[in-house]
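Single-structure report; data block below.
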2 protein chains.
Amino acid sequence: MAGGQRRVLELAVLGSLHETPLHGYELRKRLNTLLGMFRAFSYGSLYPCLRSLLEQGLIAEEQPAQATIVGGRSKIVYKLTAEGKERLQELLTQAGPSAWEDESFGVHFAFFRHTEAEVRLRILEGRRSRLEERLDSVRTALARTRERLDSYTLELQRHGLESVEREVRWLNELIATERRASERGPATDTTSSDE
Amino acid sequence: MAGGQRRVLELAVLGSLHETPLHGYELRKRLNTLLGMFRAFSYGSLYPCLRSLLEQGLIAEEQPAQATIVGGRSKIVYKLTAEGKERLQELLTQAGPSAWEDESFGVHFAFFRHTEAEVRLRILEGRRSRLEERLDSVRTALARTRERLDSYTLELQRHGLESVEREVRWLNELIATERRASERGPATDTTSSDE
DNA sequence: GCGTCGATGTATCGAGCCGATACATCCAGA
DNA sequence: TCTGGATGTATCGGCTCGATACATCGACGC
């Protein structure tokens, strides 16, 4: 995916480990539960990502001295380092245009609890305009098409457009809620220091 | 994607060229219009696919003798060969489990006009059970999660589940329509020889 | 005429994702 | 005791995508 996508996985891993140390298998399950229908990470990307994060010093292996280990089974539990926490804050704050793409948005959203209100709003609005752009381009492309499309293709289009429109409406509601909340208590920081 | 996904692009290309010869740029535009919100193919996959299809003899370059070419601009127009048509029929008929994955379903659906009624039903039902499986696994994973999730994560889950449930309902309607049509006129072949 | 901008057009590359797979342990039930 | 399924770490090949390069064309202003 040309570089930009690894960031999403990094965010997902760092965000998960921020709450509690985990090992690979558990991390994957947790991530896939957290993201539900939106995304499913595979080992083929997860393990390389963990190695990379380890090399960057953003995560570290936890000492197996803890009684946490059930049998004598080999298990590598990772925890966030101080640098990792900084990096996480950075990723959460500097959410750019990539944050409103399909693959990234869900991950960012899943960690909104740790995100500043201002950034939350920026991501939601960015996502919305991204979807609206797409709606426009598909609609104009459709209008420009001379030949008549068969009923199946039309039905596919209709359903596709409808579900995106629905997501836009969902975003509108979320944005309205965010706005209302920030008007009510502008200084309220949902995050501050959780856990 | 482990091998199986190139098939989808092949199907998309062969299916498009079945209707009219096209060159790369136009093919991509057409495909992205056809699939609307579902998929967008990039040149990075389209051109290698065209080359592969050419090598397999499933498509051929059309003679530039035709007046179709506007200027003297280099343009490579591809058309379906007889073998290509056979292959297309094969792909349309032998739609297996891969046809009901996210990336493939839309493409198969977009060419339902050329697909036998029996296969259409199989694909729709396969897609439905695929989605229901996913709903189940997410719901049980969610139920098994001890710790309470924050409101953002819950909202993400809710929205994700809802949109998949909506797609299931959509499929139910389509399946019912297909069933009704095949009861009414079981021998009716929508395809036979189009164009 | 001339520059420039956007659409049209073909093509490739590196980064990186994913499904499949291999290998191993643990536990519950037949 | 054996078998199957969950747990657990790890890698590989095939493939996709965004970015990019390069080039031509028509339209526009000046």
Side-chain angles (χ1 to χ4, degrees), chain A residues 1-10 12-13 21-33 35 38-54 61-62 64 68-78 96-98 101-104 107 130 137 140-141 144, chain B residues 1-13 21-32 35 38-54 61-62 64 68-78 96-98 101-104 107 130 137 140-141 144:
Chain A
M1 302 292 190
Q5 257 40 26
R6 157 88 132 288
R7 301 294 265 268
V8 187
L9 225 190
E10 275 189 18
V13 169
L22 292 167
H23 54 101
Y25 187 85
E26 215 171 2
L27 181 57
R28 178 175 184 261
K29 261 204 329 187
R30 194 189 161 73
L31 235 35
N32 290 352
T33 299
L35 299 175
F38 277 100
R39 268 203 85 135
F41 292 108
S42 69
Y43 292 127
S45 40
L46 189 55
Y47 280 110
C49 177
L50 282 172
R51 199 187 313 132
S52 154
L53 289 173
L54 199 59
E61 294 185 25
E62 208 173 48
T68 321
I69 293 164
V70 187
R73 182 110 114 282
S74 81
K75 213 189 272 191
I76 309 171
V77 180
Y78 298 98
S98 71
E101 296 305 316
D102 289 340
E103 329 80 47
S104 316
V107 176
R130 184 74 192 75
S137 83
T140 59
R144 250 203 307 264
Chain B
M1 303 298 183
Q5 255 41 24
R6 160 87 133 287
R7 299 295 265 269
V8 187
L9 226 190
E10 274 189 19
L11 172 58
V13 170
L22 292 167
H23 55 100
Y25 187 84
E26 214 170 3
L27 181 57
R28 179 177 183 258
K29 263 205 327 188
R30 194 189 163 70
L31 234 36
N32 290 352
L35 299 174
F38 277 101
R39 267 203 85 132
F41 292 108
S42 68
Y43 292 127
S45 40
L46 188 55
Y47 280 111
C49 178
L50 283 172
R51 199 188 313 134
S52 155
L53 289 173
L54 199 58
E61 294 184 24
E62 208 174 47
T68 320
I69 294 164
V70 187
R73 182 109 114 282
S74 81
K75 213 189 272 191
I76 308 172
V77 180
Y78 297 97
S98 70
E101 296 305 317
D102 290 341
E103 329 79 47
S104 316
V107 177
R130 184 73 192 75
S137 83
T140 58
R144 250 203 306 264

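Throughout, protein chains are lettered first and strands after them, A, B, ... in sequence-line order, and every chain is numbered starting at 1.
- Annotation for Ala40(A) and Asn32(A): closest pair CA-OD1, 3.4 Å, computed over non-hydrogen atoms.
- Across all strands shown, Ile76(B) has heavy atoms under 4.0 Å from sugar-phosphate atoms exclusively, and none from any base.
- The shortest non-hydrogen separation linking Ala12(A) to Phe41(A) is CB-CE1, 4.2 Å.
- When every heavy atom of Arg28(A) is checked against every heavy atom of Ser42(A), the shortest pair comes out as NE-CA, 3.9 Å.
- Atom pair Tyr47(A):OH and dT11(D):P shows a separation of 10 Å (rounding to whole Å applied).
- An angle of 30°, rounded to 10°, separates the two end axes of the helix from dG1(C)-dC30(D) to dA30(C)-dT1(D), each defined over five pairs.
- Nearest heavy atoms, Ser104(B) versus Val8(B): OG-CG2, 3.3 Å.
- We find that CZ of Phe41(B) is positioned 20 Å from C1' of dA19(D), with the value rounded to whole Å.
- Among the nucleotides dA10(D), dG9(C), dT16(D), the one closest to any side-chain atom of Tyr78(A) is dA10(D).
- Backbone-only engagement by Gly24(A) is indicated by non-hydrogen atom pairs under 4.0 Å involving sugar-phosphate atoms exclusively.
- Using a 4.0 Å heavy-atom distance criterion, Arg28(A) is classed as making no nucleic acid contact.
- Which of dG8(D), dC17(D), dC17(C) sits closest to the side chain of Ser45(A) comes down to dC17(C).
- For dT12(C), the OP1/OP2 oxygens have a side-chain nitrogen or oxygen of Arg51(B) closer than 4.0 Å.
- The Lys29(A) side chain lies nearest to dT7(D) when the options are dT11(D), dC17(C), dT7(D).
- With rounding to the nearest 0.5 angstrom, the CZ atom of Arg30(A) is 10.5 Å from the CG atom of Leu35(A).
- Distance from the side chain of Tyr25(B) is smallest for dG9(C) among the nucleotides dA11(C), dC17(D), dG9(C).
- Closest approach to the His23(A) side chain among dA11(C), dT7(D), dT9(D) is made by dT9(D) (side chain taken as heavy atoms from C-beta onward).
- The pair Glu101(B)-Arg130(B) counts as a salt bridge, with a side-chain nitrogen and a carboxylate oxygen less than 4.0 angstrom apart.
- Of the candidates dC17(C), dG18(D), dT10(C), the closest approach to any side-chain atom of Ser42(B) belongs to dG18(D).
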